[in-house]
Structure formats: structure tokens, C-alpha cells
Amino acid sequence: MPIITLPDGSQREFKSAITPADVAADIGPGLAKAALGARVNGELVGLDHKIEADADMSLITPPRGDDPCDPDALWLLRHSAAHVMAEAVQQSIPGAMLVYGPPVEEGFYYDIALPEGASISTDDFPDLESRMAKIIEADRPFTRSELSIDDGLERLKREGSKYKLDNAERAIEAGADGLSWYATGEPNQDWDDLCKGPHLPSTGKIGGFKIMSVAASSWHGDVDSDRLTRLYGTAFPDRKRLAKHLEQLEEARKRDHRVIGRKLGLFKIDEMVGQGLVLWTPAGAIVRQELQDFIGHELKRQGYEQVFTPHIAKLDLFRTSGHFPYYQDSQYPPVVDPEAMRQLVNENCTCGELSNRLREGDLDGYLLKPMNCPMHIRIFSSEQRSYRDLPVRLAEFGTVYRYEQSGELGGMLRVRGFTQDDAHLFCTEEQLQDEIAGCLELVQIIFKTLGIEAFDVRVGLRDPDASKYVGDPAHWERAEEACRAAAETLGVDWVAEEGEAAFYGPKIDFVVRDAIGRKWQLGTVQVDYNLPERFDLNYVGSDNTPHRPVMIHRAPFGSMERFIGFLIEHFAGAFPTWLAPEQIRVLPVSEKSEAYARSVHDDLLSAGRRVSLDAGSDRLQARIRIAAEQKIPYILVVGPRDAEAGSVSVRARGIERDLGAVPLQAFLEAVRVEVEERTSGAVEALFTGETAV
RNA sequence: GCCACCGUAGCUCAGUGGUAGAGCACACCCUUGGUAAGGGUGAGGUCACGGGUUCAAGUCCCGUCGGUGGCUCCA
């Protein structure tokens with residue numbers, strides 16, 4: 001006689017086996033009608049799930065009013081919507097074979113193997129959507145039917161879909177004791193799909209849905225396997241929430257760094273220059289320079305030494321480091337010495353031979369550097385090092401070149417030439433933990449100063465049963481422990497990811513999301529046992545014998561390109577005063593005040609501010625609008641009254657009104673504080689009276 | 001690299017087989033205006049590039065280049 005315990009602690013007893021639907025009905029008809037599914041002893045189940053023993057149960061219902069939607073409710077909606085979409089596709093394209101259709105973060109997708117010659121394009125979406133709408137309108141029940149493994153496999157073989165058969169075999173391997181199908185309607189009569197479930201009670205619960213995009217995918221994520229078509233969609237309990245979601249996507253696109261970057265003239269990627277190669281225009285260059293100065297200051301404090309190294313080096317260097325030819329596919333092809341090139345031409349050397357000779361080392365060439373570390377290592381080993389010298393910390397804003405696949409490139413977030421705020425630390429085993437901590441401190445300072453709060457910390461560790469790693473397991477143990485301990489000091493949640501370590505050592509990565517939700521790695525701290533070995537690095541210990549140093553690679557920004565791309569989206573182009581390409585714009589009310597405006601402008605300029613004067617023929621309103629759209633932090637409007645009083649009338653970005661007039665010197669001082677302390681609010685404080693200047 | 005879609009003025013976009021358009025931006029003129037677009041005139045295009053089909057191609061077909069979203073990859 002099952003006793004069901006509800007989330008509020010109340011209990012209900014039933015005479016025989018029941019389902020969540022029965023429990024809901026027992027509580028009330030409204031709930032029974034609204035329920036989408038349930039959690040029984042923590043497991044997400046459908047309303048038709050049989051409960052035979054005592055259980056904790058909570059019912060999953062659509063959100064009320066403006067409440068956020070329960071993740072379980074979204075999961076059910078989207079899983080079921082994926083089925084409805086699949087049915088629509090199979091109606092529209094006979095012979096389309098379904099592969100795999102899970103809910104994902106923002107919706108769901110279904111991977112489909114289309115028959116030869118068929119394709120789905122965005123033009124097909126309206127038709128597919130109207131087919132889906134009909135299925136949803138019919139409010140057909142999702143009904144589960146089960147077969148034994150043998151009968152189920154037989155059915156799948158009869159139906160002839162190798163994909164579904166593969167899914168079933170995988171499920172059996174994972175321990176399934178039967179196979180289940182979900183029909184939208186009557187089993188063996190209406191459309192159905194092999195599926196573990198659970199699903200909504202009926203299609204009518206899908207209140208709002210939309211097919212979002214179509215893309216290619218490959219079976220089992222293997223590019224050499226079958227090419228599949230992946231249809232993405234999303235679903236919500238109601239149309240209002242769908243509309244809101246679409247609106248948010250629209251808003252997010254306005255934050256896109258490619259859109260803002262163009263509007264504010266921050267950078268340009270020119271096809272004549274090359275894919276993934278960034279031109280930093282004057283405004284963007286200011287942001288970059290300010291960030292470099294900022295981190296440069298912290299580096300000095302932490303005892304780093306600045307170095308500079310070339311963009312290109314002999315192939316042999318990268319053979320020694322292992323970067324060439326191991327990562328050859330993601331490098332620009334090597335450059336061959338002109339003399340050697342002439343010789344090769346005389347020999348009628350083919351491209352294939354040339355490539356072979358470069359790979360084998362019969363011919364030396366030069367490589368655009370994919371990494372800075374080999375050069376920093378050569379600086380380290382350029383003199384005899386004592387344990388007293390360690391740690392040695394060599395820093396460089398080093399530009400590296402990687403031939404990323406063309407389909408991967410995007411704005412500034414994935415490029416082919418980028419500048420890392422790179423450094424390599426050479427230290428003893430004993431120093432490792434402190435050095436890692438120092439690196440994390442840098443990342444924290446950066447994130448805190450810039451107000452970056454939404455980020456993930458990932459600690460990449462060894463895969464316990466893999467042997468692909470270099471270095472002494474005891475050292476690994478210690479390094480991993482050092483990484484965990486250092487991550488712990490951050491005071492934020494972090495996740496340990498086994499198998500995500502580099503082959504040469506464990507690492508700590510900082511991951512953020514862009515405007516459309518994609519994840520990108522920014523800062524990274526990596527321990528390396530491999531390169532010290534390859535380059536035979538050593539230092540003389542207190543015991544007067546040579547020892548191998550440990551290396552740390554670290555880049556708190558990651559790369560200037562990706563970091564600033566992200567930062568543009570983080571601030572939606574509205575950089576804080578210290579970073580803003582233009583900090584202040586002075587607008588004379590009319591020509592009569594132009595001379596005073598100019599003197600204000602000149603004073604600000606002498607004080608080191610980035611300022612401009614707009615004395616154009618547009619009306620004041622128009623000039624304010626133009627300056628506001630440029631996201632300039634402060635607009636100073638000056639007219640005859642200001643000229644008389646030696647004041648400026650201040651408008652701060654984001655506040656759509658005149659804050660009032662203050663003496664120029666007071667404004668200057670407040671801006672100085674914002675810039676030098678890399679904070680904001682000092683100017684506004686002039687008007688709230690919190691800080692009298 | 002793979003799949004789908006896209007490429008028209010500096011930017012955002014309209015134009016689907018028959019004489020290349022709009023708004024913003026730009027230049028000049030008028031306007032001198034106290035807080036988010038005053039008015040006028042003008043300049044600006046090998047419709048990404050190369051081939052093909054057609055009496056006729058921005059429009060249809062093929063290829064190349066570039067972009068976008070995914071997939072895969074990411075030292």
C-alpha cells in the first residue's frame with residue numbers, strides 16, 4: 001500500500017499501485033489537469049509511471065504568472081517537442097531516419113539522416129512548424145509501450161533503421177532491461193519513436209515552440225561517420241515565454257561584439273588581410289593598451305620580468321618543443337629560406353617532397369610561432385640558473401599564429417593571430433603551489449576590477465586509467481593537489497574535470513559565455529612537466545646538483561582578442577571610464593560658447609583625459625544623441641552660464657538627463673579618481689552629495 | 001575541414017528575369033539651437049569574384065572567396 005510523501009511533508013496513502021496522475025487527481029482536478037510529469041524518489045518520470053512502493057513524490061507543473069519555469073518542466077516539454085518535430089519531418093520527408101533527439105540547454109534538437117538528395121533549409125521551417133502545430137492542436141497523448149529486448153530488437157531490425165538499432169544496443173549495453181516506444185496517440189497506430197522517456201502527458205501541453213536552425217552533425221560525433229542533419233528547436237509552456245525568450249535572443253544579438261565593434265570602430269577583420277586576423281583600430285587599440293598597462297602594473301608587483309621575442313623562429317625550435325609536426329594541421333605552413341627555396345626549385349622538388357623534408361628535418365624552415373613558450377624557455381636556459389634565482393617569471397604580450405579551421409573562426413573570439421598576455425614561470429616543486437596561487441590572484445584582480453562575476457572555473461585533471469601523460473605520477477599527484485588547493489582559495493565554485501588535463505600537466509581554466517550563450521575559455525594556468533624535459537632545463541640546487549624545474553604557462557586574459565571580444569559584450573560597449581576609448585565629449589550650446597568649450601576641452605586634454613569637442617552644426621540634441629550612441633561616459637554641455645561660472649553641465653552615460661553644473665576642477669578631479677582607481681561613481685557622487693569635492 | 005544559410009552604397013536593409021533604391025553615415029549650404037535626430041543640396045554601386053543559361057541576370061545554374069549558425073577541432 002504505497003504511502004506517497006509530498007514536498008510539503010504531507011503523506012497520502014493509496015490502496016494499490018498508483019501513478020503520479022492518480023496522486024495529482026487525488027489532490028485536486030486543477031492539479032491533475034496542469035501536471036506535466038513528476039519526480040519520484042528523485043527520478044524524473046511521466047504521469048503514467050507506476051508506483052508500487054512508498055515514495056517521495058513531487059509533481060511538475062507549468063510555471064504560474066511570471067514565475068521561472070521549472071527545469072524539469074522545460075526538459076519534458078522540449079523532449080516531447082523533439083518528438084513532435086521528428087514526426088513533422090517524417091511526414092514531410094518520407095524515408096528520413098531519426099537518430100537522436102535530446103533536450104539541450106536552450107531547447108532541443110533532433111539528428112536526422114535524410115534520404116539521398118533531400119535537405120532541410122530554413123525555407124522549410126514554416127511548413128514543418130505548421131505540421132507540428134497540428135499535432136499539438138490535436139492534443140494527442142504520449143503513450144508508452146514496452147517490448148522485451150529480443151522482441152524490441154526484432155522490431156527495430158524489421159524497421160531497418162541502423163541508427164535506432166544502434167541506440168537500442170547502446171541502451172542494452174548500459175543495462176536496460178527492455179525497450180520502450182512513445183507514440184503520439186495510439187501505440188501501433190500513430191507515429192512513435194524508440195525512446196526511454198519520460199514525456200508530457202499529451203502534445204497539447206507544448207504551449208510555444210519554434211524551429212530555430214538547421215546544421216550538420218555527424219553520427220556519434222565522428223566526422224568520418226554518417227553525415228546527419230541536425231534541426232534545432234525550442235519549446236516553452238506558453239507562447240508568452242517563447243516570445244520573451246526570442247526577445248532576449250534579439251537583445252543578446254545587440255550585445256554581439258561584432259555588431260558593437262563595428263558601431264564603435266573598435267576593430268576590423270578585413271578579408272584582404274586574411275581570415276581571423278584582427279586589425280585593431282584606434283579606439284580598440286586604446287582599450288587593449290589600457291588593459292595591458294593595467295596587467296603590466298600587477299606583473300611588476302608580482303616580480304615578473306618583461307621579455308620580447310620574435311614572431312617567427314626556426315622549425316627546429318618547434319621540433320624540440322614538439323609543436324611541429326605534431327600540431328601541423330593547425331599551423332600556417334613553414335616559411336623556407338630563400339636560398340634553400342632556389343635550390344629546391346632547381347631540383348624540381350614537389351610540394352609533397354618539400355613537406356616531407358620539412359617534417360623529417362632534412363630541410364630547415366621557419367615557423368610563425370604557435371606558442372611563446374619555446375622562446376621563453378631559451379631565455380631561461382641562456383644562463384646558468386641557481387635555486388636561488390627561482391622562481392623565474394618571464395612575461396610577454398606574445399602574438400601567436402594558429403591555422404584554425406575556417407568554420408571555427410568567429411569575430412574576435414576565435415581567430416588565427418592573437419596576442420596572449422603570456423608568461424612562463426620556472427620554479428621548484430616546492431614553489432609550485434604558491435606560484436599557481438599567484439597566477440590565480442591575477443585572474444581574480446582582473447575579474448574583480450572589470451566586474452566579471454559569471455564565469456566557470458574548471459580544473460583539468462588526469463584521466464585515471466590513461467597513460468598518455470608525461471612526467472612522474474608523484475609529481476602529477478602533487479601538481480593536481482596544488483591546482484585543487486589553489487582553486488579552493490578562489491572562494492567560488494569550481495569543477496574538477498577528469499581527463500581534461502593537457503598531456504603535459506594539469507590546468508585551471510576560466511570560462512565565460514558570449515552574448516549568444518557559447519562558452520569560451522579566457523584565462524588559463526597550466527602546469528608543464530613536458531617542456532622542461534624536452535629542453536633539458538635545469539637549475540643547480542642547494543645540494544650542488546642539477547635539478548629539473550617545473551614550468552607554469554599562464555595567461556590571465558587568455559588572449560587580448562578573445563578577452564576584449566568578450567569584454568565588449570560584457571559591457572555592451574559601455575566601457576568604464578578608465579577603459580573608454582573616448583572618456584569625455586564637450587558640447588558647446590552654440591557657437592557663442594565655442595571658445596569656452598575649447599578651453600574646457602584643452603584643460604581636460606592637459607589633464608590626460610581622452611576628450612573631444614563637437615562644435616558641429618548639428619543641434620545640441622542631435623550632438624547629445626550622437627555622443628550617447630558612442631557610449632561616451634561623460635558629456636559636458638557648456639553654454640554662456642557655464643562660461644560665466646567656470647562650470648560644466650554633466651551628463652553621465654546611462655542617465656538620460658542633465659545632472660547639473662559643477663566647477664570644472666571638481667569634475668576633473670572626480671574623473672581622475674575614476675581613471676586612476678579604475679572605478680566608477682566618483683563623478684556621480686558630485687551630484688548625490690555623498691562626496692563633496 | 002564538413003552541412004545549411006547569407007553576400008546589393010561606409011553601416012542597416014528593400015529590390016526574385018526587363019532603366020540599381022531607402023534610411024543612417026559622409027560633403028556643402030541654410031539654421032546658433034541649454035540636454036537623445038532642424039532643413040536643403042550633393043557625392044557615393046563592376047549588385048563579393050569568375051564562368052554559364054537567356055533577346056535580357058542583382059535576380060536562374062556552377063565554381064571561388066568571404067560571413068553567420070552548427071558539427072568536428074582547439075598546444
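All chains are named by letter (A, B, ...) in the order of the sequence lines, taking the proteins before the strands, and each is independently numbered beginning at 1.
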Item to check | Derivation and outcome, side-chain hydrogen bond (donor to acceptor under 3.5 Å, both in side chains), residues A:Ser225 and A:Ser218 | outcome: CA-CA 6 Å; A:Ser225 189; A:Ser218 36; over 6 Å; no
Item to check | Carboxylate-amine/guanidinium proximity below 4.0 Å for A:Glu435 and A:Arg393 | outcome: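 Yes, A:Glu435 and A:Arg393 are salt-bridged.
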Checklist entry - Would you call A:Arg548 and A:Asp536 a salt bridge, using N to O less than 4.0 angstrom? => result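 Looking at A:Arg548 and A:Asp536, the cut-off is met.
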Checklist entry - In terms of side-chain heavy atoms, does A:Gln275 have a donor or acceptor partner in A:Ser406 at a distance below 3.5 Å? => result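 No, because no side-chain N or O of A:Gln275 sits under 3.5 Å from a partner of the opposite role on A:Ser406.
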Next on the checklist: Would you say A:Arg562 and A:His257 are linked by a side-chain donor-acceptor pair, where the criterion is simply a distance under 3.5 Å?
Outcome noted: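 A:Arg562 and A:His257 do not have a side-chain donor-acceptor pair below 3.5 Å.
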With sequence neighbours excluded, tell me which residues meet side chain to side chain contact (heavy atoms under 4.5 Å, CB included) with [X].
| X | value |
| --- | --- |
| A:Ala580 | A:Phe575, A:Gln583, A:Pro633 |
| A:Lys592 | A:Ser590 |
| A:Ser617 | none |
| A:Ile211 | A:Met85, A:Phe125, A:Leu128, A:Glu129, A:Met132, A:Leu231 |

Under 4.0 Å between a side-chain N/O of [X] and OP1 or OP2 of [N], yes or no?
| X | N | answer |
| --- | --- | --- |
| A:Arg230 | B:rG69 | no |
| A:Ser406 | B:rG1 | yes |
| A:Arg258 | B:rU68 | yes |
| A:Tyr232 | B:rC71 | yes |

Checklist entry - Which part of the nucleic acid, if any, lies within contact of A:Leu409, taking any heavy atom under 4.0 Å across all strands shown: a base, the sugar-phosphate backbone alone, or nothing? => result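 Since only primed, P, OP1 and OP2 atoms lie under 4.0 Å of A:Leu409, the category is sugar-phosphate.
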Checklist entry - At under 4.0 Å between heavy atoms, what does A:Tyr504 touch on the DNA or RNA strands: base, sugar-phosphate, or nothing? => result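 If one applies the 4.0 Å heavy-atom cut-off, A:Tyr504 turns out to touch the sugar-phosphate alone, with no base involved.
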For residues 635-648 of chain A, run the donor-acceptor check on the side chains, cut-off 3.5 Å, and write out each pair with its distance to 0.1 Å, sequence neighbours left out.
| from | atom 1 | to | atom 2 | distance (Å) |
| --- | --- | --- | --- | --- |
| A:Asp642 | OD1 | A:Ser647 | OG | 2.7 |
| A:Asp642 | OD1 | A:Ser649 | OG | 3.3 |
| A:Asp642 | OD2 | A:Gly639 | N | 3.1 |
| A:Asp642 | OD2 | A:Ser649 | OG | 3.4 |

Every protein N/O within reach of nucleotides 62-66 of chain B N/O, cut-off under 3.5 Å:
| from | atom 1 | to | atom 2 | distance (Å) |
| --- | --- | --- | --- | --- |
| B:rG66 | OP1 | A:Gln275 | OE1 | 3.3 |

Item to check | For A:Arg653, salt bridge (charged side-chain N to carboxylate O under 4.0 Å, His left out) partners two or more places apart | outcome: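 With sequence neighbours excluded, A:Arg653 shows a salt bridge (charged side-chain N to carboxylate O under 4.0 Å, His left out) to no residue whatsoever.
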Item to check | Any-strand Watson-Crick or G-U partner of B:rG44, both distances under 3.5 Å | outcome: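 B:rG44 is paired with nothing.
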Item to check | Nucleotide opposite B:rU68 in a Watson-Crick or G-U pair, distances under 3.5 Å | outcome: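 With both distances under 3.5 Å, B:rU68 matches B:rA4.
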Checklist entry - Do A:Phe667 and A:Tyr634 have ring centres separated by under 6.0 Å? => result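 For A:Phe667 and A:Tyr634, the ring centres are under 6.0 Å apart.
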Checklist entry - Could a donor-acceptor pair under 3.5 angstrom be found where the side chain of A:Arg414 meets the base of B:rC74? => result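 Result: at least one qualifying N/O pair found.
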Would you tabulate the pairs of protein nitrogen or oxygen atoms and nucleotide nitrogen or oxygen atoms of nucleotides 8-16 of chain B closer than 3.5 angstrom?
| from | atom 1 | to | atom 2 | distance (Å) |
| --- | --- | --- | --- | --- |
| B:rU12 | OP1 | A:Arg262 | NH1 | 2.7 |

Checklist entry - Should the ring pair A:Tyr109 and A:Tyr100 be called parallel, tilted or perpendicular, given that the plane angle runs from 0 to 90° and is split at 30 and 60? => result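 If you compare the ring of A:Tyr109 with that of A:Tyr100, the planes turn out perpendicular.
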Checklist entry - What orientation do A:His424 and A:His376 show, parallel under 30°, tilted 30 to 60°, or perpendicular over 60°? => result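 Aromatic pair A:His424/A:His376 classed perpendicular.
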Checklist entry - Listed in order of residue number, which residues of residues 277-285 of chain A have a non-hydrogen atom at under 4.0 Å from RNA chain B? => result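 Nothing qualifies; none.
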Next on the checklist: Expected output is a numbered-order residue list: members of residues 636-654 of chain A with a heavy atom under 4.0 Å from any atom of RNA chain B. What is it?
Outcome noted: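 Going residue by residue through residues 636-654 of chain A, the ones with a heavy atom under 4.0 Å of RNA chain B turn out to be A:Val637, A:Gly639, A:Pro640, A:Arg641, A:Asp642, A:Ser649, A:Arg651.
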Next on the checklist: Do A:Cys373 and A:Met551 make a side-chain contact, defined as non-hydrogen atoms from C-beta onward lying under 4.5 Å apart?
Outcome noted: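 Touching, per the 4.5 Å side-chain cut-off.
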Item to check | Whole-Å C1' distance, B:rG67 and B:rU8 | outcome: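 It works out to 15 Å between them.
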Item to check | Euclidean distance for C1', B:rG44 against B:rG21 (whole angstrom) | outcome: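 Per the computed distance, 13 Å lies between those C1' atoms.
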Item to check | Earlier contact from the 5' end, RNA chain B, for A:Arg625 and A:Asp329 | outcome: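 With A:Asp329 and A:Arg625 compared, the 5'-side residue is A:Arg625.
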Item to check | Criterion salt bridge (Lys or Arg N to Asp or Glu O under 4.0 Å) against A:Arg513, the qualifying member of A:Glu105, A:Glu569, A:Glu106 | outcome: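 With A:Arg513 as partner, A:Glu105, A:Glu569, A:Glu106 yield a single salt bridge (Lys or Arg N to Asp or Glu O under 4.0 Å), made by A:Glu105.
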Write out a two-atom table: protein N or O, nucleotide N or O from nucleotides 38-45 of chain B, distance below 3.5 Å.
| from | atom 1 | to | atom 2 | distance (Å) |
| --- | --- | --- | --- | --- |
| B:rG38 | OP2 | A:Arg619 | NH1 | 2.9 |
| B:rG38 | O4' | A:Arg619 | NH1 | 3.3 |

Checklist entry - With sequence neighbours excluded, what pairs up with A:His245 under the side-chain hydrogen bond (donor to acceptor under 3.5 Å, both in side chains) test? => result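 side-chain hydrogen bond (donor to acceptor under 3.5 Å, both in side chains) check on A:His245 returns nothing, list empty.
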